[in-house]
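Structure first, commentary second.
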Amino acid sequence: AVAVELDGVTKRYGETAAVDDVGLRVREGEFFTLVGPSGCGKTTTLRLIAGFEEPTSGTVRFAGESMSGVPPEDRDVGVVFQSYALFPHMTVGENVAYGLNFADPPEGMTRDERVAELLELVDLPDAADRDPESLSGGQQQRIAMARALAPGPDVLLLDEPMSALDARLRERLRAQVKRIQSELGITTIYVTHDQEEALAVSDRVAVMNGGTPEQVAPPRTVYREP
Ligand code: ADP
Ligand code: ADP
């Protein structure tokens, strides 16, 4: 089944088409990556899916349903950004619990139990009382994922979540993100400028250029830059 569909989606800023007549179909449970150089329209595409922007023309659909005019909080998406957006004045556990301000915990589960489950999922089971700033960059991003996943969204959107990390931590976080995604089987749309990273984690990759995907394919068939 198609989880997320972009149908003739264009986003203009003045003369610039940041996203130019994009058609994409992301399947349920797929790890789908938008890759390409800076300025090719990756972040704008993700923001259109999240609902932070509305298309100039075209339609974004979730499970066949048009998202036109639907605000981000009603879209059933969890979003993780490039820089750690954790609240420094809250503990790690409170940061994760914040994700539950927009949704109830699953039936039969308390907020605390849900937070514990999420910390377990991101492999930081003992971090609830810690100060976010005492964690490594990779650990902070995992907490940001736990917070984004707290309401149980259908779709996870990740915008360059590794880019602030050094190469070693990036590789560790990459493996963690992949594990979390397959454990949940959650539809994931991932943005990166790093082709190697894209090819390593994805079920399919959309190679973008000038606001348009030039190629949409599984990693093994994607043309690699020499
Ligand atoms: P990427 O994420 O691939 O680096 P973006 O989606 O951020 O690309 O940007 C695509 C193009 O749209 C770029 O030329 C960028 O300068 C332009 N752009 C993005 N956001 C805005 C904005 N809010 N106002 C004007 N131009 C923008
Ligand atoms: P991240 O990969 O985000 O930095 P980790 O929790 O995986 O977070 O690891 C942080 C650091 O602590 C790493 O350098 C890792 O080698 C080290 N580390 C993680 N778990 C253990 C452990 N159980 N015992 C000793 N060192 C650990």
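Counting convention: from 1, in listed order, for ligands and their atoms alike. Hydrogens, waters and symmetry mates play no part in the numbers below; they use all other heavy atoms, side chains included.
Annotation: ligand 1 has protein neighbours Tyr13, Ala18, Pro37, Ser38, Gly39, Cys40, Gly41, Lys42, Thr43, Thr44, each with a heavy atom less than 4.0 angstrom from the ligand.
Residues Asn209 and Val207 fail the side-chain proximity criterion, which asks for heavy atoms closer than 4.5 Å. With contacts defined as side-chain heavy-atom distances shorter than 4.5 Å, the pair Asp154/Val77 does not qualify.
Ring planes of Phe31 and Tyr190: tilted class, angle from 30 to 60°.
Residue pairs meeting the ring pair (Phe, Tyr, Trp, His ring centres under 6.0 Å) criterion with at least one member in residues 52-76, sequence neighbours excluded, do not occur. Sorted by first then second residue, the salt bridge (Lys or Arg N to Asp or Glu O under 4.0 Å) pairs that include residues 203-216, not counting sequence neighbours, are Glu30-Arg204.
Listed by chain and number, the residues in a ring pair (Phe, Tyr, Trp, His ring centres under 6.0 Å) with Tyr13 amount to none (sequence neighbours excluded).
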